Amino acid sequence: MFVGYLLGLIVVFVHLCAFAAVGVSCLYEIIVTILDYEFKVRAAHASDYIHGSVSADGAQDRFANLLGHFGQLTNIVSFCMSFFGFSYLVHHIGVDKSLLIFPCVLFAAVVVIYLVPKLWVLFVFVSIIKGMVFSLHDPVKELLYIPTSESIKFKAKAWIDVFGSRFAKALGSLVTFFTMGDVDKLHSVGEVPILILAMAIIILTYNMGKEFNTLVDSNMIIGEPDGRLRNEPREGDGPVVHGLRPGDVGYSGYDMH
C-alpha cells in the first residue's frame, strides 16, 4: 500500500497536468466540508428551540426532519443533473465549459452565504453543491484523464481520489475543529481564505480545460515516454484491422500465441 501511495505521489509531482488535477479534484472538498459543517451547526441550533422553549425530543425530531429534506433536495438535484444535464452540457458546450460550471456555482454560493448567512440559504446552496459534485463535476473531471498515459490514469488518479481527496477534507475539518461550533468565529476566520480558494479553483479549472482542448486537438498523450500520439499503435502492438487499432473495442488483430 505504501509503495502504491509513493508511486502515485511521484507521478503527481513529476507531471504538471497530474499536479493540476489535484487542485481540480480535491480543493473544493475544503470549501464543501466547511459549508456543510456550518449548515449542520446552524440547523442544530435552530432545532433546539421549539416555539421559544427548549425541547430535547422535539429538537431531535426537527433536526432529523431537516436533514431528511436536505438529503431529498440533494438527490433531486443530482438526479436532474445526471439525467438531463451532464450529457447535454458536455456535447453542446464542451468539456472545458462544463468543467467550469461547478467552480462558478461554488464561488457564487460562498459569496451569497457570507452575505446572507441564514439557515435556508445554506440549506439550498449546500444541497445544490453536493448534488452537482456527484452528477456533474466528478463525471466531467474524469474526462480530463483521456489524453494521459497509463501511469497517470492509474497511479496518479488513484492517489488523487484516495489520499488527495481525504487530505482536503481533513484540512476543512481542521478549520471547523478550531471554531468549536462557533459559526461567527468560522465566518471571521474562514471568509477571506475560502473566497480566495474558490477563485483559485475557477482559475485552475479554466486552465485545465484549455489544456485538455489543446491535448485533444493535437492528439497527444501527457506522460507518454516515447511521445506517442493518442490511439497510435506502438511497434509490435498489432496491425490495423477493419479500421480498428489495438485497444479499440472489437479489435481482433492480436497474436494470441
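In this text, all values refer to a predicted model and were calculated from it rather than measured experimentally.
Counting side-chain heavy-atom gaps under 4.5 Å among Ile, Leu, Val, Met, Phe, Trp and Tyr, the cluster of Phe83 also holds Phe79, Phe84. Leu174 forms part of a hydrophobic cluster together with Phe177, Phe178, Met180, judged by ILVMFWY side-chain heavy-atom separations under 4.5 Å.
Closest of all the heavy-atom pairs between Thr176 and Thr179 is O-OG1, 2.6 Å. Summarising the geometry of Cys26 relative to Ala168, their closest heavy-atom pair is O-CB, 3.1 Å, with the distance given to 0.1 Å. The two residues Leu136 and Leu89 come nearest to each other via the heavy atoms CD1-CD1, 4.0 Å. For the residue pair Ile129 and Phe102, the shortest heavy atom distance occurs at O-CE1, 3.6 Å. Between Gly172 and Ile34 the shortest heavy-atom distance is O-CG1, 3.8 Å. The shortest non-hydrogen separation linking Ser25 to Ile160 is CB-CG2, 3.6 Å.
Remark: Ser135 pairs with Ser78, Met81, Ser82 by the side chain to side chain contact (heavy atoms under 4.5 Å, CB included) rule, at least two apart or across chains. For Ser87, the side chain to side chain contact (heavy atoms under 4.5 Å, CB included) partners at least two apart in sequence or on another chain are His91. For the side chain to side chain contact (heavy atoms under 4.5 Å, CB included) test, residues two or more places apart in sequence or in another chain that qualify with Ile76 are Cys80. Applying the side chain to side chain donor-acceptor pair (under 3.5 Å) test to Ser165 and every residue at least two apart in sequence or in another chain returns Glu29. For the salt bridge (charged side-chain N to carboxylate O under 4.0 Å, His left out) test, no residue two or more places apart in sequence or in another chain qualifies with Glu211. For Asp36, the side chain to side chain donor-acceptor pair (under 3.5 Å) test picks out Lys40, Lys130, with sequence neighbours left out. By the side chain to side chain contact (heavy atoms under 4.5 Å, CB included) test, Val95 pairs with Val90, Val140, Leu143, Leu144, Phe212, sequence neighbours left out.
Within a 6.0 Å radius of CZ in Phe86, other residues, nucleotides and ligands contribute more than 12 heavy atoms.
Between the side chain of His137 and the backbone N or O of Pro103 there is no donor-acceptor pair closer than 3.5 Å.
Between Ile146 and Val216 the shortest side-chain heavy-atom distance does not fall below 4.5 Å. Annotation: side chain of Val22 is not in contact with side chain of Phe163 (no heavy-atom distance under 4.5 Å). Residues Leu35 and Phe39 fail the side-chain proximity criterion, which asks for heavy atoms closer than 4.5 Å. Annotation: side chain of Met132 is in contact with side chain of Ile101 (closest heavy-atom distance under 4.5 Å).
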Inset, instruction - Show your working on side-chain contact (heavy atoms from CB on, under 4.5 Å) between Val111 and Phe107 and close with a plain yes or no. - result: CA-CA 6 Å; Val111 172; Phe107 177 76; 3.9 Å; yes
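Residue pairs meeting the salt bridge (charged side-chain N to carboxylate O under 4.0 Å, His left out) criterion with at least one member in residues 156-174, sequence neighbours excluded, are Glu142-Lys157, Lys157-Asp161.
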List the atom pairs, donor and acceptor, that lie under 3.5 Å between side-chain atoms in residues 191-210 and the rest of the protein, sequence neighbours left out.
from: Thr205; atom 1: OG1; to: Ile201; atom 2: O; distance (Å): 2.6
from: Asn207; atom 1: ND2; to: Ile203; atom 2: O; distance (Å): 3.3

Listing, residues 112-125 side-chain donor-acceptor contacts under 3.5 Å, not counting sequence neighbours, or none:
none

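Atom CG in Leu171 sits 12.0 Å away from atom CD1 in Ile31 (nearest 0.5 Å). Between His92 atom NE2 and Ser98 atom OG the span is 11.0 Å, to the nearest 0.5 Å.
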